[in-house]
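The structure under discussion appears below in the form of structure tokens.
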Amino acid sequence: MPTQPERNLFEYAVVRFVPSIERGEFVNVGLVMMCKRRRWLRCRFHIASERVLALFPGADIDLLRKQLISFERISEGDTSPIGSLEAHERFRWLTAVRSACIATSRPHPGHADNLESAFDTLFNELVV
């Protein structure tokens with residue numbers, strides 16, 4: 001009897017640049033996705049500079065890039081205390097609600113046979 005491919009339950013959140021918390025306006029700049037069972041965590045960023053500057057003319061693109069690099073290092077499991085946590089714990093830390101110019105949407109669930117393919121699809125639909 002043929003077996004079905006194993007579906008992977010995952011969570012994802014859109015990473016946003018929010019230059020003014022009070023106004024609540026943002027530009028999507030990345031995606032972070034996690035599968036606890038597989039101990040899998042990915043994040044990727046794409047800064048559409050022209051879009052960011054059109055909406056927020058005073059934005060510092062270089063500073064935004066540096067902040068996103070540190071976000072990415074934590075997701076990859078760098079040597080920091082937070083980077084040494086399990087994938088699902090890093091995901092929870094990265095997606096925690098905070099008042100900062102880098103914020104995330106609420107986590108959303110999904111399921112897929114191929115996590116990498118699902119990540120690419122979501123990234124292209126929500127960020128690029």
Side-chain angles (χ1 to χ4, degrees):
M1 178 168 139
T3 60
Q4 293 283 341
E6 191 170 339
R7 303 283 286 175
N8 297 295
L9 178 64
F10 64 84
E11 292 180 67
Y12 71 93
V14 179
V15 181
R16 299 169 169 165
F17 172 56
V18 187
S20 172
I21 302 301
E22 294 79 17
R23 291 184 60 101
E25 299 169 333
F26 61 86
V27 174
N28 293 347
V29 294
L31 183 75
V32 58
M33 185 169 135
M34 177 271 304
C35 176
K36 182 176 180 179
R37 194 159 122 276
R38 298 266 185 223
R39 295 184 173 142
W40 184 92
L41 178 63
R42 296 285 182 278
C43 86
R44 184 182 309 153
F45 299 101
H46 172 76
I47 302 171
S49 300
E50 62 286 344
R51 186 182 311 164
V52 171
L53 292 172
L55 294 170
F56 312 108
D60 185 337
I61 300 297
D62 289 331
L63 179 59
L64 173 59
R65 188 171 283 109
K66 288 176 186 174
Q67 291 168 330
L68 292 173
I69 287 170
S70 66
F71 197 96
E72 188 174 46
R73 285 182 180 152
I74 290 168
S75 74
E76 292 172 349
D78 67 0
T79 59
S80 71
I82 295 164
S84 64
L85 297 172
E86 291 287 330
H88 69 279
E89 294 171 313
R90 284 181 277 139
F91 179 80
R92 295 283 172 249
W93 189 88
L94 291 168
T95 60
V97 176
R98 57 180 59 92
S99 292
C101 67
I102 304 298
T104 62
S105 67
R106 292 180 58 169
H108 304 282
H111 56 86
D113 297 329
N114 184 313
L115 292 170
E116 295 288 346
S117 177
F119 181 88
D120 289 341
T121 298
L122 286 169
F123 184 80
N124 290 324
E125 288 175 1
L126 301 172
V127 180
V128 178

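Tyr12 and Pro109 get closest at one heavy-atom pair: CE2-O, 4.1 Å. What you find for Val18 and Ala103 is that their closest heavy atoms are CG2-CB, 4.0 Å. A pairwise comparison of heavy atoms in Arg90 and Ile74 identifies CD-O, 3.1 Å as the closest pair. Scanning both residues, Gly110 and Leu9, for their nearest heavy atoms gives O-CD1, 3.3 Å. Nearest heavy atoms, Ser49 versus Ile61: OG-CG2, 3.7 Å. Minimum interatomic distance between Cys35 and Asn8 (heavy atoms only, all atoms of both residues): SG-CB, 4.1 Å.
With a 4.5 Å cut-off on side-chain heavy atoms, Leu64 and Ile102 count as touching. Within the 4.5 Å cutoff, the side chain of Phe10 has heavy atoms near those of the Leu122 side chain. Using a 4.5 Å cut-off on side-chain heavy atoms (C-beta onward), Phe71 and Thr104 make contact. Trp40 places a side-chain heavy atom less than 4.5 Å from the side chain of Glu116.
Formation of a donor-acceptor pair under 3.5 Å by the His46 side chain with backbone atoms of Arg44 is not found in this model.
Atom-to-atom distance recorded for Ser84:OG and Asp78:CG is 8.5 Å, nearest 0.5 angstrom. Atom CD1 of Ile47 sits about 4.5 Å away from atom CZ of Arg65, to the nearest 0.5 Å. With values rounded to the nearest 0.5 angstrom, Glu25 atom CD is found 4.0 Å from Arg23 atom CZ. Note that CD of Gln67 is 11.0 Å distant from CG of Asp62, once rounded to the nearest 0.5 Å. Annotation: the span from Thr121 atom OG1 to Asn114 atom CG amounts to 9.0 Å, rounded to 0.5 Å. One finds the OG atom of Ser75 at 12.5 Å from the CE atom of Met34 (value rounded to the nearest 0.5 Å).
Hydrophobic cluster membership is shared by Leu68 and Phe17, with clusters built from Ile, Leu, Val, Met, Phe, Trp and Tyr side chains linked at under 4.5 angstrom. Put simply, Val27 and Ile21 are part of two different groups of oily side chains (I, L, V, M, F, W, Y) that touch within less than 4.5 Å, one to the next. Hydrophobic cluster membership is shared by Phe123 and Leu115, with clusters built from Ile, Leu, Val, Met, Phe, Trp and Tyr side chains linked at under 4.5 angstrom. Linking ILVMFWY residues whenever their side-chain heavy atoms come closer than 4.5 Å, directly or via other members, leaves Leu126 and Leu55 in distinct clusters. Using a 4.5 Å cut-off between side-chain heavy atoms of Ile, Leu, Val, Met, Phe, Trp and Tyr, with links allowed through other members, Phe56 and Val29 fall into the same hydrophobic cluster.
The only member of Lys36, Arg92, Arg38 that meets salt bridge (charged side-chain N to carboxylate O under 4.0 Å, His left out) when paired with Glu11 is Arg92. Across Leu31, Val32, Val127, a single residue satisfies side-chain contact (heavy atoms from CB on, under 4.5 Å) together with Val15, and that is Val32.
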Open item on the list: The test is side chain to side chain contact (heavy atoms under 4.5 Å, CB included); show your working for Arg16 and Ser105 and say whether it passes.
Closed with: CA-CA 7 Å; Arg16 299 169 169 165; Ser105 67; 3.6 Å; yes

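Around CZ of Arg73, the count of heavy atoms belonging to other residues, nucleotides or ligands within 6.0 Å does not exceed 12.
No cation-pi contact links Arg42 to Phe119, judged by a cut-off of 6.0 Å to the six-membered ring centre and 45° from its axis. Both the sub-6.0 Å distance and the 45° axial angle are satisfied by Arg98 relative to the ring of Trp93.
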